[in-house]
Amino acid sequence: MPELPEVEVVRRGLADHVVGRTISTVRVLHPRPVRRHLPGPDDFADRLAGRRVDAVSRRGKYLWLALDDGAAILVHLGMSGQMLVQPPHADAERHLRVVLELDDGLELRFVDQRMFGGLSISEDGATLPPEIAHIARDALDPRFDDVVFGERLRRRKTGIKRALLDQTLVSGIGNIYADEGLWRARLHFARPTETLTRPELARLLDGVRGVMASALEQGGTSFDALYVNVNGQSGYFDRSLAVYGQEGRPCPRCGTPVRRDAFMNRSSFTCPQCQPRPRRGRW
DNA sequence: GCTTGCGCCTGAATGC
DNA sequence: TGCATTCAGGCGCAAG
């Protein structure tokens with residue numbers, strides 16, 4: 001489940017191996033991943049042939065490959081997306097969806113089992129494509145403004161975890177890092193945003209940044225020269241999760257069994273001792 | 001304008 | 001064994 005650290009690892013891999021390359025041919029093997037390109041898969045392929053990739057940027061969980069004509073390829077990995085750089089003779093992946101053949105003989109492959117992700121074209125890729133202008137900066141971005149974030153957060157009438165998952169407020173956080181960040185900050189997910197104190201807000205940002213930074217550190221070392229991969233395989237998921245997916249296991253801080261609650265048609269994991277439920281919470 | 005909930009997808013895991 | 005159901009969850013969009 002790619003969240004910010006995994007997407008950043010992919011961005012770095014693409015920056016190393018795809019920038020400067022020209023796209024020779026594009027093959028769309030399944031229409032769904034290019035569904036946001038309204039003129040259709042054939043037009044998508046035609047539009048990209050002959051274009052050179054000049055840069056790879058990221059905003060939240062979105063990537064974009066800036067092209068030499070001012071347009072850009074927007075990429076979202078969704079739940080299960082991967083961008084792989086492979087030699088053309090490598091076996092097709094089971095869920096291979098789109099192939100971009102490059103002028104150095106390698107292929108950039110978009111693989112996505114569940115197809116929540118996809119590729120599209122923005123005609124304005126020079127700075128921030130307008131299609132993703134609503135996505136906020138992430139908490140590790142040097143230009144992320146803690147004070148403005150705090151003000152916007154406290155104006156919300158919702159629970160803290162819902163707010164963390166809202167990409168227009170702060171980007172890059174999904175269910176896993178929300179739970180882990182809240183655990184680090186010792187805050188319950190249902191805590192109403194408008195009641196957060198200044199110290200709690202600082203703890204929250206510290207917690208979220210800490211969890212993403214360590215994931216980035218581990219994920220950033222796990223790809224080799226040719227294989228740009230993301231599939232929740234940073235190693236972080238196996239070794240370092242305090243509460244996410246740990247129902248019944250002891251909290252690493254106090255030993256209390258981790259609890260799971262239904263939340264927004266999914267799950268939230270907390271330590272009931274470290275993160276007591278507020279009396280009047282907002283889910 | 002803001003908040004909430006649905007539907008999109010596949011395959012592994014679980015239930016009967 | 002085999003079929004049906006549940007669960008995972010980011011995002012856009014519609015509804016409240």
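Letters go in sequence order (proteins before strands), and every chain restarts at 1.
- Atom CD of A:E131 is separated from atom P of C:dC13 by 11 Å (rounded to the nearest Å).
- Side-chain atoms of A:E247 never come within 3.5 Å of backbone atoms of A:R259 as a donor-acceptor pair (strictly under, hydrogens ignored).
- Distance CE (A:M79) to P (C:dG10): 6 Å, rounded to an integer number of Å.
- A:Y62 comes within contact range of the sugar-phosphate backbone alone, with a heavy-atom separation under 4.0 Å but no base atom that close.
- Contact check on A:E6 versus A:K61 returns no salt bridge, with no Lys/Arg side-chain nitrogen under 4.0 Å from an Asp/Glu carboxylate oxygen.
- A:N265 comes within contact range of the sugar-phosphate backbone alone, with a heavy-atom separation under 4.0 Å but no base atom that close.
- Between A:R266 and the phosphate of C:dG10, there is a side-chain N or O to OP1/OP2 separation shorter than 4.0 Å.
- A:R36 comes within contact range of the sugar-phosphate backbone alone, with a heavy-atom separation under 4.0 Å but no base atom that close.
- In this structure, A:F263 places its CZ atom 17 Å from C1' of C:dC7, rounding to the nearest Å.
- Nearest-nucleotide assignment on DNA chain B puts the 5′-proximal partner with A:R155, out of A:Q113 and A:R155.
- Summarising the geometry, atom OG belonging to A:S80 is positioned 4.0 Å from atom CG belonging to A:D112; distances are rounded to the nearest 0.5 Å.
- What separates CG of A:N175 from C1' of C:dC11 is a distance of 14 Å, to the nearest Å.
- By the 6.0 Å and 45° rule, A:R114 stacks over the aromatic ring of A:F116.
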Could you go step by step and tell me if A:L63 and A:R11 meet the side chain to side chain contact (heavy atoms under 4.5 Å, CB included) rule? CA-CA 7 Å; A:L63 296 168; A:R11 190 200 66 76; 3.5 Å; yes
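- Taking every nucleotide of DNA chain B with any atom under 4.0 Å from a non-hydrogen atom of chain A, the first and last of them, 5' to 3', are B:dT3 to B:dG11.
- Residue contacts shown for A:R152 are absent, as no nucleic acid heavy atom lies under 4.0 Å away.
- When rounded to the nearest whole Å, the span between CD1 of A:I132 and C1' of C:dG12 equals 15 Å.
- Side-chain atoms of A:H134 lie closest to C:dG12 of the nucleotides C:dG10, C:dA8, C:dG12.
- Atom pair A:H37:NE2 and C:dG12:C1' shows a separation of 19 Å (rounding to whole Å applied).
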Evaluation steps, side chain to side chain contact (heavy atoms under 4.5 Å, CB included), between A:D206 and A:L204: CA-CA 5 Å; A:D206 277 355; A:L204 179 64; over 6 Å; no
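- Between A:R58 and A:E8 there is a salt bridge, since a side-chain N of the basic residue sits under 4.0 Å from a carboxylate O of the acidic one.
- The side chain of A:Y177 places no N or O atom within less than 4.0 Å of a non-bridging phosphate oxygen (OP1 or OP2) of C:dG10.
- To the nearest angstrom, P of C:dG10 lies 14 Å from CG of A:D112.
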